[in-house]
2 protein chains.
Amino acid sequence: MSRGESSETGARILAAAEDLVIREGVSRLTLDSAAQEAGVSKGGILYHFPSRAALVSAMVERFVVSFEADLVERQAYSKEPGAFTRAYLEATFDPREAPADCREIRLGGALLAGVTSDPELLKPMRERFETWQAALEQDGIPAEVATVVRLAADGLWLSDLFELAPVSAEARAEVRAQLLALLERAISNRS
Amino acid sequence: MSRGESSETGARILAAAEDLVIREGVSRLTLDSAAQEAGVSKGGILYHFPSRAALVSAMVERFVVSFEADLVERQAYSKEPGAFTRAYLEATFDPREAPADCREIRLGGALLAGVTSDPELLKPMRERFETWQAALEQDGIPAEVATVVRLAADGLWLSDLFELAPVSAEARAEVRAQLLALLERAISNRS
DNA sequence: ACAAGTATACCGTCTGGACGGTACAGTACC
DNA sequence: GGTACTGTACCGTCCAGACGGTATACTTGT
């Protein structure tokens, strides 16, 4: 289907497209603008990604895989109860790429927002969320506690994305502590 | 700027546009499609809303006002601590228009997703969120508890909107109970 | 009372630009 | 001689917005 990021130029195109999407949103991502951003011709883009949709799809895929990797890393293969829930919480509250604009997080939202026209493009993201939710429910703590943590984390993401009353750094730390306390309580209370 | 919904036809256009957006997303809202849906000509639309952006903007405004009214109604002017937080929680978990697909909630998300191209259109929504967040922080309970509730509610909204591992009705009730318990604990523990 | 003028509420066509995608000829490197 | 492009030219579609027109109601001067 698409040569994608297997090649050097393909990866550069993808990265440039991501920059563009983060800066201006998916709706402003055109083949021409992406070509310009990547320093490549339009033909060059279509050589690597057979259509605009394929390009967007590759971005979604990459985003999902990246967050997934973050989760795995944080969990560090711990099997303790609540480990996955904690990883999810921390991955959202203290993103890896803290520097300034938190590229990855913003990208996800821009993508999320931009692909509503074509539900097919959201499919990989939907599938991952289902997987994560399932993992949360099997995390050795009550499912409703894990779900509360997940929803709050997702809510934080939402507020960051669209800048809907974003939570300040201090408040964020307090909220994080509150959720961790909830988590600890659930761990020590389990039967 | 726009005659808007002050007239009968203006309101009909707005309602028709909302239906269209809920069904197909903002990207599919064109002047032509809206005209057809409303049983009005394209010129007729532009008479009431001077541009497509004005139409979308009116929808955002209406959505925000509607949710706001829901909050006020649920709060019923109670001044008890946690009243606003509880109202926010319940407005999200048990939407007024329960029937089927919950029109209002879906509309908000479709709008949210669709207006990323023009950040200006989100402004009224941003302002409201700031107001609500401020109210939550002044609700007579610790701000971090109120914020956790808000974030979880927003997270639920997000998951519904994009169908990202949506929470089942039973799980939703349990999560709601969990958050209410957190709220009650905060109320009884306040100094 | 009645013509003339004016404002309101639309209708429907046209245009110009943006964009996705195609086609293809050419280039440079390995 | 194939792989990896560049560059240009072009097609078809979609769509916002402009614009000229129309029908009806309401006002105003006489």
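The basis for the numbers below is simple: all heavy atoms, side chains too, and nothing from hydrogens, waters or symmetry mates. Reminder, nothing fancy here: chain letters follow the sequence lines and each chain counts from 1.
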Selection from C:dC11, C:dC19, D:dG17 that lies nearest to any side-chain heavy atom of B:Ser51: D:dG17

Rounded distance in Å - CG (B:Leu46) to C1' (C:dC14): 14 Å

Length of the CZ-C1' vector between A:Arg52 and C:dC19, whole Å: 9 Å

Distance flag, aromatic centroids of A:Trp132 and A:Phe67, threshold under 6.0 Å: yes

B:Arg172/A:Glu144 ion pair, N-O < 4.0 Å: no

Short side-chain N/O contact from B:Tyr47 to OP1 or OP2 of C:dA9, under 4.0 Å: yes

Nearest-nucleotide pick for A:Lys42, side chain only, options being C:dT13, C:dC11, C:dG20: C:dG20

Spacing of B:Leu31 atom CG relative to C:dC14 atom C1', expressed in whole Å: 15 Å

For the student: nearest non-hydrogen atoms of A:Ile141 and A:Ala146, plus distance: CD1-CB, 4.0 Å

Any B:Thr9 side-chain N or O less than 4.0 Å from OP1/OP2 of C:dC10: yes

Heavy atoms of other groups near A:Glu184 CD, more than 12 under 6.0 Å: yes

Candidate nucleotides C:dC10, C:dC14, C:dT22, ranked by approach to the side chain of B:His48 - the nearest: C:dC10

Atom pair distance, as rounded to whole Å: CD in A:Gln36 and P in C:dC19: 12 Å

Nearest-Å distance for atom pair CZ/C1', residues B:Arg12 and C:dA9: 12 Å

Closest-nucleotide ordering on DNA chain C, the 5'-leading residue of A:Asp32 and A:Gly43: A:Asp32

